[in-house]
**Student:** 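Just passing along the structure, written as structure tokens.
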Amino acid sequence: MSNSTGSSQYVATIESVSTCPVKCEMCPVSRTDVAQPNSQLMSLETAAVVAARLKNEFGVGFVSWGNWGEPLVHPQMTELSRVFAEAGLDNQFLSSSLSAKFDVEAFVKSNISHLDISISGMTAGVYNVGHKHGKWDLIQRNMEEISEMRARFPGRLQVDIRWHRYKHNEFQLEAARAWAAELGFTFKPYYAHLGGVDALHDYEHGKLEQSKLNFVRENVFLEFVEGLIAQHRGETSCPMNKNLIIHPDGRLLHCCALMASHQSGVDFLTKSRAEIVQFKDGGNPYCGECLAKGWAGFTHASKTEADLPQAPAPPPALPYSRPTPGSGIVKNQI
Ligand code: SF4
Ligand code: SF4
């Protein structure tokens with residue numbers, strides 16, 4: 001899921017493609033009991049209209065690519081970013097699992113200014129516990145190629161590794177940190193959560209599918225998640241109203257953290273500015289409970305250990321070496 005903001009300025013989250021091949025255990029895209037959006041690609045024509053309106057009518061200066069979709073699956077992702085840059089939206093952040101084949105050189109030279117790569121393991125066996133269908137060999141190759149291309153074509157692209165901390169992958173955290181340094185990427189570990197408002201709601205009400213409930217109980221640092229949620233109980237506002245979340249077909253969604261939003265979007269291409277502001281400032285059926293329980297505040301809060309007074313102590317690091325991509329050899333793995 002992408003970032004949101006607490007500022008009074010509008011930002012935008014653009015879904016260039018409404019599908020993701022990774023189907024993480026806790027992501028709503030892997031749920032069979034939650035309605036999924038139709039798989040679609042944003043066209044360059046739609047992008048041009050969206051970019052112009054964001055810039056000219058809402059003063060947007062910062063765009064995030066990717067919400068519950070994998071932007072790099074879109075065959076024209078670099079062209080889409082160019083359309084936005086030409087409209088004056090040059091601050092572009094892209095969030096990816098990197099489990100996709102794409103033109104790495106073109107990407108590194110594109111208008112994307114920031115790449116955020118989500119991973120949760122340093123071997124396929126560990127990575128695929130959470131990132132269920134991600135292709136670990138492909139991801140490693142992509143990361144190494146990005147590092148090489150950044151060295152060959154130095155530009156402004158910043159790269160972060162967003163390491164999802166779970167109980168089952170804690171022993172690989174230091175190896176991931178070292179690899180990030182080797183690649184010239186910034187390492188940003190954070191405590192992984194339940195996957196959005198739908199999951200928080202269903203967990204609270206005992207409706208989470210059994211396999212997902214087992215995953216949460218076994219792997220999520222629940223004491224951290226529940227502690228942070230408790231800090232936000234009873235809040236009365238949510239900064240989501242300043243995040244313009246645009247689906248590939250040009251629909252505007254109310255909330256980037258709620259899959260049910262897909263079913264109640266309005267047409268960003270044709271609605272007036274006043275109608276859009278009204279839509280964003282109005283609530284959705286989940287907001288009351290979401291705010292009261294602390295889920296909204298939790299969704300927008302930082303989840304790094306530095307921000308957490310009661311962060312759980314990690315287990316001791318175990319010896320680990322990263323395998324060569326494709327070798328299938330795992331050294332010192334526990
Ligand atoms: S990589 Fe992101 S969008 Fe894809 S399934 Fe995982 S959490 Fe969802
Ligand atoms: S209150 Fe919750 S459901 Fe409503 S917009 Fe905010 S995060 Fe989404």
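Computed from heavy atoms alone, side chains included, the values below leave out hydrogens, waters and symmetry copies. First listed ligand is number 1; within each ligand, the first listed atom is number 1.
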**Student:** Going by the order shown, which atoms of ligand 2 are within less than 4.0 Å of some heavy atom of M240?
**Tutor:**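 Those of ligand 2 that fall under 4.0 Å from M240 are 5 (S), 7 (S).
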
**Student:** Nearest to atom 4 (Fe) of ligand 2, what protein heavy atom do you find, and at what distance?
**Tutor:**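 Protein heavy atom at minimum distance: C287 SG, 2.3 Å.
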
**Student:** Below 4.0 Å, non-hydrogen atoms only: which portion of K23 touches ligand 1? Side chain, backbone, both or neither.
**Tutor:**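 For K23, the contact with ligand 1 is made by the backbone alone.
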
**Student:** So Y191 and F221, would you call those rings parallel, tilted or perpendicular, with 30° and 60° as cut-offs?
**Tutor:**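 Perpendicular: the ring planes of Y191 and F221 meet at over 60°.
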
**Student:** Do K132 and E25 meet the salt-bridge criterion of a basic N to acidic O distance under 4.0 Å?
**Tutor:**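 Judged by the 4.0 Å cut-off on N to carboxylate O distance, E25 and K132 do form a salt bridge.
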
**Student:** When you look at K293 and E204, which way does the salt bridge (charged side-chain N to carboxylate O under 4.0 Å, His left out) test go after all the steps?
**Tutor:** CA-CA 10 Å; K293 293 272 168 62; E204 171 84 14; 3.5 Å; yes

**Student:** Find all atoms of ligand 1 within a distance of less than 4.0 Å from any non-hydrogen atom belonging to S97, and give their numbers and elements.
**Tutor:**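 Every atom of ligand 1 under 4.0 Å from some heavy atom of S97: 1 (S).
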
**Student:** Which of the numbered atoms in ligand 1 are under 4.0 angstrom from any heavy atom belonging to C24?
**Tutor:**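 The list of qualifying atoms is 1 (S), 5 (S), 6 (Fe), 7 (S).
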
**Student:** Return the residue, atom name and 0.1 Å-rounded distance of the protein heavy atom closest to atom 2 (Fe) of ligand 2.
**Tutor:**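 So the nearest neighbour among protein heavy atoms is C290 SG, 2.4 Å.
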
**Student:** Please report which non-hydrogen protein atom sits nearest to atom 8 (Fe) of ligand 2, along with the residue it belongs to and the distance in Å to one decimal place.
**Tutor:**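 That would be C255 SG, 2.4 Å.
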
**Student:** Before accepting this row, confirm whether a basic side-chain N of the pair D116/K188 lies closer than 4.0 Å to the acidic partner's carboxylate O.
**Tutor:**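 Salt bridge flag = no for K188 with D116.
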
**Student:** Between H205 and H201, how do the two ring planes meet: parallel, tilted or perpendicular, split at 30° and 60°?
**Tutor:**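 H205 and H201: tilted rings.
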
**Student:** Check contact between N284 and ligand 2, using heavy atoms of the residue and a distance below 4.0 angstrom.
**Tutor:**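 True for this residue.
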
**Student:** For atom 8 (Fe) of ligand 2, does an N/O/S atom of C256 lie at less than 2.8 Å?
**Tutor:**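 Checking atom 8 (Fe) of ligand 2 against C256, no N, O or S atom falls under 2.8 Å.
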
**Student:** What protein heavy atom lies closest to atom 6 (Fe) of ligand 2? Include the residue and the distance to one decimal.
**Tutor:**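 It is C238 SG, 2.4 Å.
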
**Student:** Taking only heavy atoms of W68, which atoms of ligand 1 are found under 4.0 Å from at least one of them?
**Tutor:**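 Per the distance check, 3 (S).
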
**Student:** Is C20 touching ligand 1 with its side chain, its backbone, both, or neither, if touching means heavy atoms under 4.0 Å apart?
**Tutor:**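 Contact part for C20 vs ligand 1: side chain (C-beta onward).
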
**Student:** What atoms of ligand 1 come within less than 4.0 Å of a heavy atom belonging to C27?
**Tutor:**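 Numbered from 1, ligand 1 contributes 5 (S), 7 (S), 8 (Fe).
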
**Student:** Classify the ring geometry of Y166 against H164: parallel below 30°, tilted from 30° to 60°, perpendicular beyond 60°.
**Tutor:**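 Aromatic pair Y166/H164 classed tilted.
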
**Student:** Could E105 and K109 be called an ion pair, given the rule that one side-chain N must be under 4.0 Å from one carboxylate O?
**Tutor:**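 Looking at E105 and K109, the cut-off is met.
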
**Student:** Is the shortest distance from a Lys or Arg side-chain nitrogen in D160 or R162 to a carboxylate oxygen in the other one below 4.0 Å?
**Tutor:**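 A salt bridge is absent here (no side-chain N lies under 4.0 Å from a carboxylate O).
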
**Student:** Can a side-chain donor-acceptor contact be found between S81 and T78 if the only test is distance below 3.5 angstrom?
**Tutor:**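 No.
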
